[in-house]
Asks: 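First, the structure itself, so that you have it in front of you.
Start at 1 with the first residue, then count along the sequence. Note: hydrogens, waters and symmetry copies are ignored here, and every other heavy atom, side chains too, is used.
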Amino acid sequence: QVQVVESGGGVVQPGDSLTLSCVASGSAFEIWGAGWYRQGPGKQRELVAFSAVGGPTKYADSVRGRFTISRDNAKSTVFLQMNSLKPEDTAVYYCFHAGVWGQGTQVTVSS
């Protein structure tokens, strides 16, 4: 019954910031954590950031220090704040939240 919808993607220039959101509707609860993944052109899907239930938060080396995962529990929403965006951050970003995958949102970083 749970649905997850990502939003906030778009086209930005290098150095810009974006915040992605991932909203779960229905009987939403975390299974073991929530995370953001991405798949860029010609690349495999990779973990970007993951927040384990009652555990640590992990980031990919490529985004550590630039991206931050957070949540608004009252709104069943997970966020990914992305700063200092680079062209190599261009990808479809997927959210895994409340045991459900979202459909993805496109982030394009170019000048």
Side-chain angles (χ1 to χ4, degrees):
Q1 294 182 335
V2 176
Q3 291 188 336
V4 171
V5 179
E6 303 103 327
S7 63
V11 180
V12 297
Q13 295 183 338
D16 285 353
S17 297
L18 279 175
T19 299
L20 307 182
S21 63
C22 175
V23 181
S25 61
S27 301
F29 65 95
E30 300 297 342
I31 303 301
W32 58 285
W36 289 92
Y37 301 75
R38 69 185 181 187
Q39 186 167 14
K43 300 180 180 179
Q44 298 292 320
R45 185 175 299 189
E46 65 174 341
L47 174 70
V48 175
F50 194 90
S51 179
V53 175
T57 300
K58 295 185 177 182
Y59 295 94
D61 290 342
S62 60
V63 308
R64 187 176 295 108
R66 298 188 297 120
F67 291 11
T68 303
I69 186 171
S70 62
R71 67 177 66 230
D72 183 337
N73 291 326
K75 297 182 179 180
S76 298
T77 303
V78 179
F79 302 95
L80 183 68
Q81 180 180 324
M82 304 183 293
N83 298 324
S84 301
L85 283 162
K86 304 174 181 179
E88 52 263 43
D89 294 319
T90 295
V92 178
Y93 284 72
Y94 299 90
C95 178
F96 184 78
H97 181 28
V100 177
W101 285 97
Q103 82 289 345
T105 184
Q106 176 71 47
V107 173
T108 301
V109 184
S110 68
S111 59

Asks: Only pairs at least two apart or in different chains count here, so list each side-chain hydrogen bond (donor to acceptor under 3.5 Å, both in side chains) that has a residue in residues 50-59.
Replies: none
Asks: For residues 103-111, tabulate all N or O donor-acceptor pairs below 3.5 Å that involve a side-chain atom, not counting sequence neighbours.
Replies:
residue	atom	partner	partner atom	Å
Q103	NE2	E6	O	3.4
Q103	NE2	E6	OE1	3.4
T105	OG1	G9	N	3.3
Q106	NE2	A91	O	3.4
Q106	NE2	T108	OG1	3.3

Asks: Which other residues end up in the same hydrophobic cluster as V2, if Ile, Leu, Val, Met, Phe, Trp and Tyr are linked when side-chain heavy atoms come under 4.5 Å apart?
Replies: V4, V100
Asks: Looking at G35 and I69, what are the two nearest heavy atoms and their distance?
Replies: CA-CD1, 4.1 Å
Asks: What pairs of residues pass the ring pair (Phe, Tyr, Trp, His ring centres under 6.0 Å) test when at least one of them lies in residues 82-111, not counting sequence neighbours?
Replies: Y37-W101, F96-W101
Asks: Counting only pairs under 3.5 Å, give me each side-chain donor-acceptor contact of residues 10-24, with atom names and distances, residues two or more places apart or in other chains.
Replies:
residue	atom	partner	partner atom	Å
D16	OD2	Q13	N	3.1
S17	OG	N83	OD1	2.9
S21	OG	S7	OG	2.8

Asks: Which residues satisfy the salt bridge (Lys or Arg N to Asp or Glu O under 4.0 Å) test with R64, sequence neighbours excluded?
Replies: D61
Asks: For residues A34 and V78, report the shortest heavy-atom separation together with the two atoms involved.
Replies: CB-CG2, 3.9 Å
Asks: Does atom CD of E88 have more than 12 heavy-atom neighbours, drawn from other residues, nucleotides or ligands, at distances under 6.0 Å?
Replies: yes
Asks: With sequence neighbours excluded, tell me which residues meet salt bridge (Lys or Arg N to Asp or Glu O under 4.0 Å) with E46.
Replies: R38
Asks: When hydrophobic residues are tied together by side-chain contacts of less than 4.5 Å, even through go-betweens, does F50 share a cluster with V92?
Replies: yes
Asks: Apply ring-ring contact (aromatic ring centres under 6.0 Å, His included) to F67 and list each qualifying residue two or more places apart in sequence or on a separate chain.
Replies: none
Asks: Which pairs pass side-chain hydrogen bond (donor to acceptor under 3.5 Å, both in side chains) with one or both residues in residues 68-78, sequence neighbours excluded?
Replies: E30-R71
